[in-house]
Undergrad: 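The structure under discussion is supplied below as structure tokens; questions concerning it will follow.
One-based numbering, in listed order, for ligands and for the atoms of each. Quick caveat, the model's predicted, so the values are computed rather than measured.
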Amino acid sequence: MGPIGVFDSGYGGLTILQDLRNKLPEYDYLYLGDNARAPYGTRSFDVVYEFTYEAVRELFDRGCHLVILACNTASAKALRTIQQKDLPTLAPNKRVLGVIRPSAEVIGSITKTGHVGVLATEGTVRSNSYFLELQKLSPETIIEQHACPMWVPLIENDRHTSEAGKMFIKEDLDQLLDKDPQIDTILLGCTHYPILKEFIESYVPKNIHVVSQGAIVAESLADYLMRHPEIERNCTKNSNVDFLTSENVEIFNRKATQFFDSPVHASHVNLGLKFK
Ligand code: DGL
């Protein structure tokens, strides 16, 4: 038995972890942020897959039976390969889940105009994962995707509240809404972006619903655990949360409080050296 693993390239997955804890506080969680190698958003398919695979193995080695890729870029570029190619030999009784499908499952039911905008990293947009999932789940929904390559570096470096940072953010929002003025729902398709939610809401027209993924993913995990007792019974329940980062621990602890509302005391982990 072990905690539920939650993985992100950096701090963004903490926004998901916050909602997982709100919804399912009884479980133990082990968060891993690969801050030393973030951002993932502009990296190639192969590199994101390799980094994500290393993180999943680390979490498995530390006792997790279930790992959530709380990162859209990793979900878009690595999830399928890990599920289909790696898990059957590496750990047939363990599971890895992503954040794109649960979000695509609900987004079509939120929009009234049927026009949805997705803001995400370059990697997620280029993978076309949201478009493909929505085509299957809600084919009548029209989706416009827009990559915001500056947003994660701005957030990771704490520059998103500066005037220059806000200018980049406004420019991307304008570009998305120019592509389709009928958009009434914007999905924040990167787990870093909820930290900008308030600012985005204050900038876009009031009729636009800005949706972040945390509550959606938490709802979907609760449902998954109910449907999969064989996985659920391997998840420990002492309400503990532990944190790992591949970067400097003090920096992580300080910055993590922006994304997570309890004090964070992380341990350092070396990724990328063990599995070569
Ligand atoms: N937070 C991640 C996502 O949801 C990745 C951001 C990045 O590392 O570029 O896509």
Undergrad: Which of the numbered atoms in ligand 1 are under 4.0 angstrom from any heavy atom belonging to T121?
TA: 6 (C), 9 (O), 10 (O)
Undergrad: For atom 7 (C) of ligand 1, grab the closest protein heavy atom and report residue, atom and distance to one decimal in Å.
TA: Y40 N, 3.3 Å
Undergrad: Salt bridge (Lys or Arg N to Asp or Glu O under 4.0 Å) for E105 and K136? Distances and angles first, verdict last.
TA: CA-CA 9 Å; E105 267 167 5; K136 280 185 254 159; over 6 Å; no
Undergrad: Which bit of D8 gets closer than 4.0 Å to ligand 1, counting heavy atoms only: side chain, backbone, both or neither?
TA: side chain
Undergrad: Is D223 salt-bridged to R227, going by a charged N under 4.0 Å from an acidic O?
TA: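 Here D223 pairs with R227 in a salt bridge, since their nearest N and O are under 4.0 Å apart.
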Undergrad: S9 heavy atoms, cut-off 4.0 Å: which ligand 1 atoms fall inside?
TA: 5 (C), 6 (C), 7 (C), 8 (O)
Undergrad: Between T15 (side chain only) and F259 (backbone N and O only), is there a donor and an acceptor less than 3.5 Å apart?
TA: no
Undergrad: Do the charged groups of R37 and E50 touch, with an N to O distance under 4.0 Å?
TA: no
Undergrad: Counting non-hydrogen protein atoms only, what is the nearest one to atom 3 (C) of ligand 1? Give residue, atom name and distance.
TA: N72 N, 3.2 Å
Undergrad: Below 4.0 angstrom from a heavy atom of H192, which ligand 1 atoms are there? Numbered from 1 as shown, please.
TA: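 So the answer, numbered in order with elements, is 1 (N), 2 (C), 6 (C).
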Undergrad: Output the list of atoms in ligand 1 that are nearer than 4.0 Å to some heavy atom of G41, sorted by atom number.
TA: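 Within the 4.0 Å cut-off of G41, ligand 1 contributes 7 (C), 8 (O), 9 (O).
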Undergrad: Assert yes or no for the condition that the ring centre distance of W151 to Y193 is strictly below 6.0 Å.
TA: yes
Undergrad: Backbone, side chain, both or neither: what part of T73 comes under 4.0 angstrom of ligand 1, heavy atoms only?
TA: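 Contact part for T73 vs ligand 1: both backbone and side chain.
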Undergrad: Between R95 and E230, does at least one N-O distance fall below 4.0 Å, as a salt bridge requires?
TA: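 Between E230 and R95 there is no salt bridge, as every charged N stays at least 4.0 Å from the carboxylate O atoms.
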Undergrad: Please name the residue in the list V211, I186, I143, I183 that meets the side-chain contact (heavy atoms from CB on, under 4.5 Å) test with V118.
TA: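 Of all the options given, the one that passes is I143.
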Undergrad: Among I16, L69, V152, T191, which one has a heavy atom closest to atom 6 (C) of ligand 1?
TA: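 Checking each option, the heavy atom nearest atom 6 (C) of ligand 1 is found in V152.
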Undergrad: Can you list the atoms of ligand 1 that are under 4.0 Å from a heavy atom of P39?
TA: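 Numbered from 1, ligand 1 contributes 7 (C), 8 (O), 9 (O).
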